[in-house]
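All remarks here apply to the structure that follows.
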Amino acid sequence: MLLAPLAHVSREVAGVSARSRKISLLAGLFRTAGPDDVPVVIPYLAGRLPQGRIGVGWNALKDPPPPAGRATLTVHRVDDTFTALAAVAGPGAQGERRRLVRELLGAATEEEQRFLVGLISGEIRQGALDAVAVEALAETSGARPDAVRRAVMLAGSLAPVARRLLAAGPPVLDEFLLTVGRPVLPMLAQSAAGVAEAVERLGECAVEEKLDGIRVQVHRDGAAVRIFTRTLDEITDRLPEVTAVALGLAGDGFVLDGEVIALDAAGRPRPFQEVAGRVGSRGDVPSAARAVPLSPVFFDILAADGEELLDLPLADRHTALARLVPEPLRVRRIVVAGGSGPDAEAFFRATLDRGHEGVVVKALDAPYSAGRRGAGWLKVKPVHTLDLVVLAAEWGHGRRTGRLSNLHLGARREDGSFVMLGKTFKGLTDATLEWQTGRLRELAVRDDGFTVTVRPELVVEIAYDGLQRSSRYPAGVTLRFARVLRYRTDKRAAEADTIGTVLAAHGRGGGSEDSGQDGGSSGPGAE
DNA sequence: TTCCGACAGTGGGGTCGCAAT
DNA sequence: ATTGCGACCCCACTATCGGAA
C-alpha cells in the first residue's frame with residue numbers, strides 16, 4: 001500500500017469538523033488496507049508510531065529537502081525507516097538520524113512530507129486520535145464501539161486489537177482478557193471544584209486521599225513482579241522497594257493500582273519533584289533508593305487470585321483490596337452515604353494538613369473504566385490565586401496561530417520592577433484570546449517573531465496549584481499548573497501581588513527572591 | 001430544543017540520560 | 001564539564017460534536 005492515500009485521507013479528515021465524517025473517512029481507508037498494512041496504517045491514522053519514540057524531534061525536521069514529484073513511498077518503506085531510526089544509537093546517532101529522515105522526506109511528495117512531519121512530531125492535528133480510530137474500526141468491522149474500546153483498554157493499545165479484529169471479525173474481541181503481567185490503561189479522574197459538589201454528584205461514594213507522586217500499576221504473577229506507569233511504560237527495575245512490597249503480600253496473582261510517594265522522617269510527603277527525580281533515575285538505582293526511598297500506596301485492585309475484577313463496583317473491589325493489602329499500604333479513605341457533606345469536608349482538610357494534594361471522590365457503584373476519564377472519579381484540590389502582570393506573550397500555534405497565547409507572568413518587586421514566575425496559556429476563551437492579542441499589541445515594545453515583549457501594565461488573575469522549586473526563574477520558584485481566571489482591567493500593575501507575598505503565602509519567607517533557595521528538602525515544600 | 005459527556009488541541013515545568021560541543 | 005535535545009513524569013482548561021434528556 002502506498003503512503004499517498006493515507007496522507008490524503010489524513011488531510012481530508014483534518015478538513016472536516018464533524019466527528020461522524022472523520023469516522024467514515026477513516027473507516028473507508030481501513031477497508032482498503034491489506035492485512036499486512038493494518039498494523040501500520042491504523043496507528044498512523046490515529047497519529048501514532050508503532051515504534052513509539054524514535055529519537056527524532058522538532059529539530060531534525062527543520063529544513064526538509066525538496067519534495068518528490070511522484071508518489072512512490074509505500075507504508076512499509078516508511079515503517080522500515082522508522083524501525084531503523086529507533087535502532088540508531090551510539091556516537092554519531094544524531095547525524096545518522098538526520099540522514100535517514102532527510103532521505104525519507106526526500107522520497108515523499110509535498111502532502112506526504114506534511115503527513116510524515118506531523119506523525120513524527122506528534123502533531124497530526126487532524127482532530128482524530130485513538131478514540132475516533134476506535135469508532136472507525138468498529139464501523140469497518142461491524143463490532144460494537146464499546147467492545148472495541150474495552151479490548152483496547154485491556155490490550156493497552158489500539159494496534160493489536162485492530163490487527164485481530166480486521167483479520168477475524170468481532171468475535172475475536174472476546175480473546176482480549178485481563179492478563180496478570182500485561183498492563184491495562186488506567187482509570188483517570190475528572191476535576192471538581194469542591195468536595196461538597198463532588199459528593200453531591202456521585203451520591204454514595206468513597207473519599208480517598210490524593211497523593212502527589214507517580215501512578216503505578218503493580219502486577220504479580222507468582223514470583224514475577226512487573227510495575228508500569230500511567231502510560232504503560234515498565235519501570236520495574238527502578239522500584240525495587242515496590243517489588244519487595246508486592247512479594248510480601250499474601251497473594252500471587254494480582255494487579256494493584258496505586259501511587260508511589262516519598263515520605264520524610266516525620267512521615268510527611270516529600271515534594272513531587274523528588275519523587276519524579278527518583279523514579280526517573282535509571283543509573284545507580286540502589287543509591288538513588290537510599291537517598292529517596294519510595295512508599296507504594298494502593299487504592300484499587302484489578303485482579304486477585306488471577307481473577308478479573310474490573311467490572312465489579314468499587315465497593316466490592318475495595319473489599320478485595322482490603323483482604324490482600326494491609327492498612328498502611330492502602331490510601332486513607334472514608335465512605336460517605338447520602339450527601340453528608342461535613343464529614344467529607346473535614347476529611348479533605350485533614351488530608352491537606354497531612355501535606356497531601358487533595359482528595360479523589362469515587363462512586364461506590366462504578367466499575368473500573370480504564371482508559372477513559374470517566375465521571376466515576378472526581379478529584380478535588382485547593383486552588384490559590386494571584387494577581388500578576390503580563391510581561392510578554394508568545395505567538396500561538398495550530399488553531400491559535402495569529403493570536404498571542406502563552407503569557408509570561410511576573411510578580412511585582414517592592415522597587416517597582418517585576419520577577420517572572422512562569423508562563424501559562426490555559427483557561428483562555430477564544431474571546432479572551434482575541435482581546436488579549438489586541439491589547440498586548442498596543443503595549444508591545446518588541447516582537448522577535450516568537451515572543452512579543454510588552455510594557456508591564458496588564459494585570460491578570462491567575463489560579464495555580466502551588467509553588468515548586470525552579471532553576472529557570474530568578475525567584476527560584478515557579479507556579480505549578482498556572483491558568484488564567486480573568487483579566488483585572490480594574491487594577492494597575494502597581495497593585496499586583498508582590499514576590500514577597502507570594503513566597504510568604506507558601507511558607508518560603510518574604511523578602512528578596514534570592515533567599516528563596518531553601519537548600520533542598522529542608523523547606524516546607526510546595527503544596 | 002437544550003444539556004452534557006467525551007475528545008482533541010494547546011501547551012506548562014521538572015528531571016534524567018545521552019550526544020554534541 | 002556544559003549544553004541541547006528527547007522522553008516522560010506531573011497537569012488545566014476550552015471548543016466542539018453528537019447523543020441524551
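Between A/A431 and A/L211, the residue anchored nearer the 5' end of DNA chain C, judged by the nucleotide with its closest heavy atom, is A/L211. Across the interface with DNA chain C, nearest-nucleotide mapping of A/G57 and A/F425 shows A/G57 to be the residue nearer the 5′ end. For the pair A/G127 and A/T424, both in contact range of DNA chain B, the more 5′-proximal nearest nucleotide belongs to A/G127. Checking A/G92 against A/F272, the closest nucleotide of DNA chain B that is more toward the 5' end is the one next to A/F272.
Rounded to an integer number of Å, the gap from A/I54 CD1 to C/dC5 C1' is 14 Å. One atom, OH of A/Y473, and another, C1' of B/dG12, lie 8 Å apart when rounded to the nearest Å. Atom CZ of A/R472 and atom C1' of B/dG12 are 9 Å apart (whole Å). Rounded to an integer number of Å, the gap from CZ of A/R278 to P of C/dC10 is 15 Å. Rounded to an integer number of Å, the gap from A/E96 CD to C/dG6 P is 16 Å. One atom, CZ of A/F228, and another, P of C/dC9, lie 12 Å apart when rounded to the nearest Å. Atom CG in A/L85 sits roughly 11 Å away from atom P in C/dA7 (whole-Å rounding). For the pair A/I23 CD1 and B/dC7 C1', the computed distance is 11 Å after rounding to whole Å.
Across all strands shown, B/dC7 forms no Watson-Crick or G-U wobble pair with both distances under 3.5 Å.
By the 30° and 60° cut-offs, the orientation of the rings of A/W435 relative to A/Y487 is tilted. Classified by interplanar angle (parallel below 30°, tilted 30° to 60°, perpendicular above 60°), the ring pair A/Y464/A/H384 is tilted. A/F450 and A/H397 have tilted rings, their planes meeting at an angle from 30° to 60° on a 0 to 90° scale.
Proximity of A/S405 to the phosphate of B/dG11: a side-chain N or O atom is located under 4.0 Å from OP1 or OP2. For B/dG17, neither phosphate oxygen OP1 nor OP2 lies less than 4.0 angstrom from any side-chain nitrogen or oxygen of A/R282. OP1 or OP2 of B/dT10 has not a single side-chain nitrogen or oxygen of A/N406 nearer than 4.0 Å. At least one side-chain nitrogen or oxygen of A/Q190 sits closer than 4.0 Å to the OP1 or OP2 atom of B/dA6. Distances shown here put a side-chain N or O of A/S470 below 4.0 Å from the OP1 or OP2 atom of B/dG14. Between C/dC10 and A/R230, a contact under 4.0 Å exists linking OP1 or OP2 to a side-chain N or O. Note on A/Q273: a side-chain N or O is less than 4.0 Å away from OP1 or OP2 of B/dT15. OP1 or OP2 of C/dT14 has not a single side-chain nitrogen or oxygen of A/T429 nearer than 4.0 Å.
Cation-pi geometry between A/R480 and A/F272 is met: under 6.0 angstrom from the ring centre, within 45 degrees of the axis.
Closest to the side chain of A/K426, from the set B/dG14, C/dA12, C/dC10, is C/dA12. The side chain of A/H397 approaches B/dG11 more closely than any other nucleotide in the set B/dG14, B/dG11, B/dG17.
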*Kindly indicate, with the supporting measurements, whether the criterion salt bridge (charged side-chain N to carboxylate O under 4.0 Å, His left out) is fulfilled by A/R270 and A/D212.*
CA-CA 9 Å; A/R270 293 165 69 166; A/D212 193 12; over 6 Å; no

_Test salt bridge (charged side-chain N to carboxylate O under 4.0 Å, His left out) applied to A/R149 and A/E135, step by step_ = CA-CA 9 Å; A/R149 206 173 291 122; A/E135 295 284 339; 3.0 Å; yes

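Residue A/A276 is classed as having no contact, given no heavy-atom separation below 4.0 Å to the nucleic acid. In this structure, A/L479 reaches neither bases nor backbone, as no heavy-atom distance under 4.0 Å exists between it and the strands shown. Residue A/V132 is classed as a sugar-phosphate contact, given heavy-atom separations below 4.0 Å to backbone atoms only. Using a 4.0 Å heavy-atom criterion, one finds that A/E259 contacts no nucleic acid atom at all. If you check every strand for non-hydrogen atoms under 4.0 Å, A/K381 touches sugar and phosphate atoms only.
Using a 4.5 Å heavy-atom cutoff, the side chains of A/Y44 and A/L49 are in contact.
Between A/D465 and the choices A/K379, A/K210, A/K426, A/R483, the salt bridge (Lys or Arg N to Asp or Glu O under 4.0 Å) rule is met once, by A/R483.
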Table of protein N/O atoms under 3.5 Å from nucleotides 16-18 of chain C N/O atoms:
residue, atom, partner, partner atom, Å
C/dC17, OP1, A/S17, OG, 3.1
C/dC17, O3', A/R19, N, 3.0
C/dG18, OP1, A/R19, N, 2.9
C/dG18, OP1, A/S20, N, 2.5
C/dG18, OP1, A/S20, OG, 2.7

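Within the structure, salt bridge (charged side-chain N to carboxylate O under 4.0 Å, His left out) pairs that include any residue of residues 385-397 of chain A comprise A/D387-A/R488, A/D387-A/K491, A/E394-A/K423 (at least two apart or interchain).
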